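Right, one structure below, let's go through it.
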Amino acid sequence: MRIEETTYISNNGKKVVLRSPEISDSKDLLEYLVKCAGETDYLGRYPEEINCTLEEQDSHISKYLEDKKGFEISAFVDNKLVANGTIYCIRENMKTKHRAGYGIAVLKDYWDLGIGHMLTKCCLDHAKKLGYEQVELQVVASNKRAVHVYEQHGFKICGTIENAEKLKDGTYRDLLMMICKL
């Protein structure tokens, strides 16, 4: 699904453009993914695990632009891709097609500017338009900043997956499962 361009103003007064990434954004999106993964341990992959080719990224973007039950949306500040969010169908079975998954990441230099709130609101609004009844996510339990953003948009903690992630240093982290009823 293609999300049309919408403009917001960030907490520091900068213009933020939200829109679906296009094929022409593939290189920037790959670079963004690697940079994000290197800036925080709160994401599900390390930078070296992001190894898709430009052609694979093109295909990924095309898939979401044509998807009837999901979409990707990117945030741009001064024409720089600084954040990305995704809504996807959990499973298209009759029993589960009312559920969507949600993922988001914001470059560290753009934290605390309200971009996470903008993306979350936009994604939830469009998920509702697609007919989803609830949106689900998993977040590292110690990521208080993200948990706070999600709670402000109606997400509630519904469980914990203990030792869900094992870091390079051998330590484990729990993931919170959160659900937002639309």
Side-chain angles (χ1 to χ4, degrees), residues 1-8 16-34 36-37 42-45 49-76 81-107 114-140 143 146-147 149-159 161 164-165 175-182:
M1 177 176 157
R2 183 179 304 276
I3 306 297
E4 296 304 318
E5 186 174 300
T6 308
T7 302
Y8 296 89
V16 179
V17 175
L18 300 185
R19 65 168 172 79
S20 292
E22 301 288 343
I23 300 296
S24 59
D25 298 312
S26 284
K27 183 176 181 287
D28 292 338
L29 194 52
L30 279 174
E31 290 171 1
Y32 149 87
L33 290 169
V34 172
C36 264
Y42 289 140
L43 299 179
R45 297 184 287 183
E49 294 178 298
I50 300 166
N51 52 19
C52 73
T53 66
L54 196 54
E55 292 77 22
E56 290 168 329
Q57 186 61 38
D58 289 351
S59 176
H60 173 84
I61 290 173
S62 291
K63 177 189 138 236
Y64 271 111
L65 289 173
E66 296 168 13
D67 195 337
K68 302 278 188 253
K69 294 298 285 178
F71 57 87
E72 207 169 28
I73 186 163
S74 296
F76 297 84
L81 197 154
V82 301
N84 199 65
T86 307
I87 289 284
Y88 56 92
C89 185
I90 298 280
R91 288 180 65 183
E92 292 200 38
N93 299 344
M94 286 192 301
K95 293 181 180 181
T96 56
K97 65 182 179 180
H98 66 288
R99 298 167 52 206
Y102 177 54
I104 184 177
V106 179
L107 289 176
I115 294 171
H117 284 285
M118 293 171 203
L119 273 173
T120 300
K121 180 182 180 336
C122 187
C123 284
L124 293 176
D125 288 348
H126 282 87
K128 190 172 186 173
K129 289 177 187 174
L130 287 175
Y132 288 113
E133 296 172 30
Q134 71 184 42
V135 175
E136 307 169 15
L137 62 84
Q138 295 179 1
V139 60
V140 174
N143 189 350
V147 171
V149 168
Y150 301 141
E151 287 176 335
Q152 287 186 314
H153 289 276
F155 282 89
K156 299 202 180 327
I157 297 169
C158 63
I161 304 170
E165 293 185 345
L175 289 178
L176 300 177
M177 297 178 296
M178 299 183 78
I179 292 177
C180 178
K181 303 282 186 180
L182 299 177

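Computed from a prediction, not measured in an experiment: that's the story for all the values here.
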Has the side chain of Ser59 got a donor or acceptor atom that lies under 3.5 Å from a matching backbone atom of Glu55?
->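 No, Ser59 side chain to Glu55 backbone: no donor-acceptor pair under 3.5 Å.
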Charged N to carboxylate O under 4.0 angstrom, Glu56 versus Lys63?
->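 Between Lys63 and Glu56 there is no salt bridge, as every charged N stays at least 4.0 Å from the carboxylate O atoms.
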Presence of salt bridge, Asp125 and Lys121, under 4.0 angstrom |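 Between Asp125 and Lys121 there is a salt bridge, with a charged N closer than 4.0 Å to a carboxylate O.
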Could you tell me which non-hydrogen atom of [X] sits nearest to which non-hydrogen atom of [Y], and how far apart they are?
X      : Y      : value
Pro21  : Leu65  : O-CD2, 3.7 Å
Gly70  : Leu130 : N-CD1, 4.0 Å
Ile23  : Asp58  : CD1-O, 3.2 Å
Tyr32  : Leu81  : CG-CD2, 3.4 Å
Tyr64  : Thr86  : OH-CG2, 3.3 Å
Phe155 : Met178 : CB-CE, 3.7 Å

[atom2] on [Y] to [atom1] on [X], rounded to 0.5 Å:
X      : Y      : atom1 : atom2 : value
Cys180 : Glu133 : SG    : CD    : 12.5 Å
Asn93  : Ile90  : CG    : CD1   : 11.5 Å
Cys36  : Ile50  : SG    : CD1   : 8.5 Å
Asp28  : Asn84  : CG    : CG    : 11.5 Å
Thr96  : Gln134 : OG1   : CD    : 10.5 Å
Leu119 : Ile73  : CG    : CD1   : 6.0 Å

Does NZ belonging to Lys69 count more than 12 external heavy atoms closer than 6.0 Å?
->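 Above 12, so yes.
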Using a 4.5 Å cut-off on heavy atoms from C-beta on, say whether the side chain of Tyr102 contacts that of Thr120.
->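 Thr120 vs Tyr102: side chains touch.
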Is there a side-chain contact between Lys128 and Val135, using heavy atoms and a 4.5 Å cut-off?
->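 Side chain of Lys128 against side chain of Val135, heavy atoms only: no contact under 4.5 Å found.
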Please report the C-alpha distance between Gln57 and Asp25 in whole Å, then the side-chain angles of each, then the deciding distance to 0.1 Å, and finally whether the side chain to side chain contact (heavy atoms under 4.5 Å, CB included) criterion is met.
-> CA-CA 9 Å; Gln57 186 61 38; Asp25 298 312; over 6 Å; no
Please report the C-alpha distance between Ile87 and Met1 in whole Å, then the side-chain angles of each, then the deciding distance to 0.1 Å, and finally whether the side chain to side chain contact (heavy atoms under 4.5 Å, CB included) criterion is met.
-> CA-CA 10 Å; Ile87 289 284; Met1 177 176 157; over 6 Å; no
Relative to the ring of His153, is the ring of His117 parallel (under 30°), tilted (30 to 60°) or perpendicular (over 60°)?
->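 Tilted.
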